Amino acid sequence: VVGMAATATDAVKVILKERPDAVFLDIQMPGYNGFDVLDQVRNHTAHIVFTTAHRDFAIQAIKKGAFDYLLKPVDEDDLRECVGRLRKKLAANQTDYSVPVQVSMKDGVVFIDPKEIIKLQASGSYTDIFFDNNTRITASKVLKEFESLLDPKLFYRCHNSFLVNLSKIKKLLSQDGYFIEFKDGSKAEVSKKNKDELLIKMRSFPSK
């Protein structure tokens, strides 16, 4: 268990901070409801298990892509069966973020240590990757592909065009828009809708 929350607002904050593999989510709670929470975090968690005393939300939960739907009071056997299926599903989908990332180039293949990346920038159907040593390479993958390969606890998609290494961020600037300034002095744009989420992630990010 990486976090708990008593309200919908707190639930969103915990999920965005921890990016858990699974969330056991009530539907009716203080603030807005569990479906509203799901709409805000669906890109930041793998599986949602709704836990509720109300049977009449089951169809809506299925349409929202819920992994399971447990009725309160939760039956111990139902919970055990749900967790067992979750573990099997997660084990099958697990990505090892400790290994180097393989990047295809025109003249061969490069193996990259993600910790050396400052930012990745979309460039049409290619991606420019910027490193600590002031070098850059262009990879023949779109940015979204790299988003699935890199550890989401270290890298954040702050803009349609930028995926950034959180450990390299020095400042968040507000100058005719929002921008990240990195430790090497370079910058990346931050979309307005992602600014608050970025601040939440940076507050919880371990200091180096």
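Side-chain atoms are counted along with the backbone in the values below, which use heavy atoms only and exclude waters and symmetry mates. For clarity, every value in this text was computed on a predicted model and none was experimentally measured.
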Could you report the tightest heavy-atom contact between [X] and [Y], atom names first, then the distance?
X	Y	value
Val14	Gly3	CG1-CA, 4.0 Å
Pro20	Ile15	CD-O, 3.6 Å
Lys183	Ser167	NZ-O, 3.0 Å
Leu143	Arg157	CD2-NE, 3.4 Å
Leu150	Pro114	CD2-CB, 3.8 Å
Gln175	Lys187	OE1-NZ, 4.0 Å

Could you tell me whether the side chain of [Y] reaches within less than 4.5 Å of the side chain of [X], counting heavy atoms only?
X	Y	answer
Tyr69	Ile27	yes
Leu86	Phe67	yes
Tyr32	Gln40	yes

More than 12 heavy atoms of other groups within 6.0 Å of Tyr97 OH: yes
Ion pair check, [X] and [Y], cut-off under 4.0 Å:
X	Y	answer
Lys72	Asp26	yes
Glu81	Arg85	yes
Lys115	Asp113	yes
Asp39	Lys64	yes

Atom [atom1] in [X], atom [atom2] in [Y]: separation rounded to 0.5 Å?
X	Y	atom1	atom2	answer
Cys82	Leu70	SG	CG	5.0 Å
Thr52	Met29	OG1	CE	9.0 Å
Asp68	Phe24	CG	CZ	8.0 Å
Ser186	Arg136	OG	CZ	11.5 Å
Leu198	Met202	CG	CE	6.5 Å
Glu147	Lys144	CD	NZ	5.5 Å

Does [X] share a hydrophobic cluster with [Y], counting links as ILVMFWY side-chain heavy atoms below 4.5 Å and allowing steps through other members?
X	Y	value
Val49	Val83	yes
Ile48	Leu79	no
Ile169	Phe131	yes
Phe130	Leu173	no
Ile137	Val142	no

Test side-chain contact (heavy atoms from CB on, under 4.5 Å) applied to Asn165 and Phe182, step by step: CA-CA 9 Å; Asn165 185 334; Phe182 298 96; 5.8 Å; no
Tell me whether [X] contacts the main-chain N or O of [Y] through its side chain, where contact means a donor paired with an acceptor under 3.5 Å.
X	Y	answer
His159	Ser161	yes
Thr127	Lys141	yes
Ser123	Tyr126	no

With Val164, the side-chain contact (heavy atoms from CB on, under 4.5 Å) member among Leu120, Leu154, Ile180, Val190: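 Only one option passes, and that is Ile180.
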Steps toward side-chain contact (heavy atoms from CB on, under 4.5 Å) verdict (Ile117, Phe155): CA-CA 10 Å; Ile117 298 173; Phe155 288 86; 3.9 Å; yes
Test salt bridge (charged side-chain N to carboxylate O under 4.0 Å, His left out) applied to Lys168 and Asp184, step by step: CA-CA 8 Å; Lys168 308 294 184 182; Asp184 69 343; over 6 Å; no
Audit row: Asn33, Gln28, side-chain contact (heavy atoms from CB on, under 4.5 Å) steps and yes/no: CA-CA 5 Å; Asn33 66 39; Gln28 292 186 327; 5.6 Å; no
Phe146/Ile129 under side-chain contact (heavy atoms from CB on, under 4.5 Å): CA gap, chis, key distance, verdict: CA-CA 10 Å; Phe146 283 105; Ile129 307 174; 3.8 Å; yes
